[in-house]
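In what follows, a structure is listed as structure tokens, so that the remarks can point back to it.
Note that ligands are numbered from 1 as they come in the structure, with each ligand's atoms numbered from 1 the same way. Just so it is clear, the model here is predicted, and its values are computed rather than measured.
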Amino acid sequence: MYARVIGTGSFLPGNPVSNNDLAARGIDTNDEWIVTRTGIRSRYLAESGTNSSELGLIAAQRALAMAGVAAAELDLIIVATSTPDFIFPSTACLIQGRLGNKGAAAFDVQAVCSGFTYALGIAEKFIASGSHKKALVIGAEVFSRILDWNDRGTCVLFGDGAGAVVLEAAERPGILATAMHADGSQNGILNVPGQVCGGQVTGDPFLRMDGQAVFKFAVRVLAEIAEEVCAKSGIKAADVDWLIPHQANIRIIDATGKKLGIERERVIVTVDRHGNTSAASVPLALDEAVRDGRIQRGHKVLLEGVGGGFTWGAALLEF
Ligand code: UT7
């Protein structure tokens with residue numbers, strides 16, 4: 001039994017915020033630096049009070065509408081997020097409640113920017129086992145809430161948004177292979193090392209990153225895991241129709257495509273307009289390319305994520 005994508009959806013809050021807009025807000029940066037180092041030109045930032053569940057809910061509704069599936073039919077809801085609305089209940093339960101579904105298993109996955117690929121791999125295993133038939137997998141983030149707006153090395157890189165897919169059990173492919181890995185010894189190169197304790201924030205509640213260490217790690221593991229899922233499926237990386245890598249930095253995306261022999265025309269890029277939306281970046285890019293007609297039924301699509309933990313994950317699917 002395969003897990004087949006039968007609907008995609010996404011949502012970006014408000015209006016694009018350009019690099020010049022950030023500079024005008026007093027951040028010591030400029031468009032030329034950000035574009036040259038990252039490829040990012042703008043991002044979307046949710047208004048205060050707008051949470052991951054609200055972004056994820058709209059993305060989910062759009063994916064369900066494309067799939068022609070009613071929320072009541074879902075038996076599994078997984079949300080990948082590192083910026084949940086609450087400590088608990090999970091963002092998945094909040095979205096489930098707003099969708100009006102009762103009874104589906106619902107939980108969050110925390111694998112930072114790899115979260116969507118982890119969640120997709122988990123949902124695929126539920127469906128392939130025969131235990132579940134219709135799954136909603138969402139990546140939703142409000143990373144703007146955990147950015148230190150005085151740290152120009154990180155605050156210009158991230159944005160808010162959500163993407164979702166509906167999966168259905170099917171006899172024809174489907175997700176062909178998935179992989180997930182982590183190396184917890186690298187937890188210090190990208191983290192938010194704070195917590196709420198006794199009603200107070202302890203530690204540091206902002207995103208901290210060793211950019212160059214993350215860059216090197218990302219380029220290596222994105223190529224390795226792409227080769228791994230291709231080998232599991234008996235497909236050469238160069239033969240996939242579309243590569244959708246995590247959207248963090250155009251230089252990481254280009255280096256990965258080059259290593260895999262996939263030219264830029266077959267790589268879906270949204271980082272220029274969305275910035276890095278963490279777990280939302282891959283499903284946002286997937287939905288964009290499905291809706292604009294680039295990704296067609298039967299195409300082989302390679303999705304991959306990399307992020308804090310350190311974690312990395314991938315899925316190769318026949319759309
Ligand atoms: O989901 C995974 C998330 N993270 C990533 O994928 C990030 C991976 N890493 C990167 O993309 C890059 O390392 C960055 C874009 C974050 C940084 O690029 P870099 O080439 O590694 O720059 P750097 O951190 O070494 O900084 C170079 C210079 C510094 O100035 P000095 O010390 O050389 O005078 C920084 O202070 O650039 C300066 N700088 C900035 N200048 C203008 C850092 N941030 C900014 C900024 N605007 N926003």
> Using a side-chain heavy atom cutoff under 4.5 Å and only I, L, V, M, F, W and Y, what cluster partners does Met180 have?
Replying inline: Leu76, Ile78, Phe107, Val109, Tyr118, Ile122, Phe126
> Is the shortest distance from atom 48 (N) of ligand 1 to a protein heavy atom below 4.0 Å?
Replying inline: yes
> Which of the numbered atoms in ligand 1 are below 4.0 angstrom from a heavy atom of Cys113?
Replying inline: 1 (O)
> Hey, is Gly153 one of the residues with a heavy atom under 4.0 angstrom from ligand 1?
Replying inline: yes
>> Could you check whether Asp183 and Ser185, counting side-chain N and O atoms only, form a donor-acceptor pair closer than 3.5 Å?
In response: yes
>> Regarding atom 38 (C) of ligand 1: of the candidates Arg251, Glu32, Gln247, Arg152, which has the closest heavy atom?
In response: Arg152
> Looking only at heavy atoms, is any part of Val112 under 4.0 Å from ligand 1, and if so is it the side chain, the backbone, or both, or is it neither?
Replying inline: neither
> Taking everything shown except Arg172 itself, do over 12 heavy atoms lie less than 6.0 Å from its CZ?
Replying inline: no
> Which heavy atom of the protein is the closest neighbour of atom 6 (O) of ligand 1, given with residue, atom name and distance?
Replying inline: Ala248 CB, 3.3 Å
>> Tell me whether atom 36 (O) of ligand 1 lies less than 4.0 Å from at least one protein heavy-atom position.
In response: yes
>> Once side-chain hydrogen bond (donor to acceptor under 3.5 Å, both in side chains) is applied, what residue pairs with a partner in residues 208-221 remain, sequence neighbours excluded?
In response: Asp148-Arg208, Asp204-Arg208, Arg220-Glu224
> Hey, which atoms in ligand 1 end up nearer than 4.0 Å to a heavy atom of Asn276?
Replying inline: 1 (O), 2 (C), 3 (C)
> Please state which protein non-hydrogen atom is closest to atom 8 (C) of ligand 1 and give its distance, to 0.1 Å?
Replying inline: Gly211 O, 3.5 Å
>> Using ring centroids (six-membered ring only for Trp), state whether Trp242 and Phe319 fall under 6.0 Å.
In response: no
> Going by the angle between their ring planes, with limits at 30° and 60°, are Phe217 and Trp312 parallel, tilted or perpendicular?
Replying inline: perpendicular
> atom 40 (C) of ligand 1: which protein heavy atom is closest, and how many Å away?
Replying inline: Trp33 CE2, 3.3 Å
>> Among all protein heavy atoms in this structure, tell me which lies nearest to atom 10 (C) of ligand 1, with the distance rounded to 0.1 Å.
In response: Asn249 ND2, 3.7 Å
> Would you call Arg294-Glu288 a salt bridge at under 4.0 Å N-O?
Replying inline: yes
> Looking at His246, which atoms of ligand 1 are within less than 4.0 Å of one of its heavy atoms?
Replying inline: 1 (O)
> Does an N or O from Val156, backbone or side chain, lie closer than 3.5 Å to an N or O of ligand 1?
Replying inline: no
> For atom 29 (C) of ligand 1, is the nearest protein heavy atom under 4.0 Å away?
Replying inline: no
> Could Glu168 and Lys134 be called an ion pair, given the rule that one side-chain N must be under 4.0 Å from one carboxylate O?
Replying inline: yes
> With under 30° as parallel and over 60° as perpendicular, where do the rings of Tyr44 and His274 fit, or are they tilted in between?
Replying inline: perpendicular
> Between Ile252 and ligand 1, which residue portion shows a heavy-atom distance shorter than 4.0 Å: side chain, backbone, both, or neither?
Replying inline: side chain
> What do the steps show when you test Val112 against Ser278 for side-chain contact (heavy atoms from CB on, under 4.5 Å), and what is the final call?
Replying inline: CA-CA 6 Å; Val112 201; Ser278 187; 4.1 Å; yes
> When you look at NZ of Lys232, are more than 12 heavy atoms from neighbouring residues, nucleotides or ligands closer to it than 6.0 Å?
Replying inline: yes
>> If you count heavy atoms of other groups shown closer than 6.0 angstrom to CG of Asn15, is the number above 12?
In response: no
> Within a distance of under 4.0 Å, is there any protein heavy atom near atom 24 (O) of ligand 1?
Replying inline: no
> Would you call Arg291-Asp287 a salt bridge at under 4.0 Å N-O?
Replying inline: yes
> Side chain, backbone, both or neither: which part of Thr29 has a heavy atom under 4.0 Å from ligand 1?
Replying inline: both
> Can you tell me the protein heavy atom closest to atom 19 (P) of ligand 1 and the distance?
Replying inline: Arg37 NH1, 3.5 Å
>> Going by a strict under-4.0 Å cutoff (protein heavy atoms only), does atom 43 (C) of ligand 1 have a neighbour on the protein?
In response: yes
> atom 4 (N) of ligand 1: which protein heavy atom is closest, and how many Å away?
Replying inline: Met209 SD, 3.2 Å
>> Looking at Arg266 and Asp241, is there a salt bridge between them, counting it only when a charged N and a carboxylate O are closer than 4.0 Å?
In response: no
>> Between ligand 1 and Asn30, is the shortest N or O to N or O distance under 3.5 Å?
In response: no
>> To check your reading of the model: name the closest protein heavy atom to atom 15 (C) of ligand 1, its residue, and the distance in Å.
In response: Thr38 CG2, 3.6 Å
>> Please list the nearest protein heavy atom to atom 5 (C) of ligand 1 with its residue and the distance rounded to 0.1 Å.
In response: Val214 CG1, 3.6 Å
> Can you find a protein heavy atom closer to atom 33 (O) of ligand 1 than 4.0 Å?
Replying inline: no
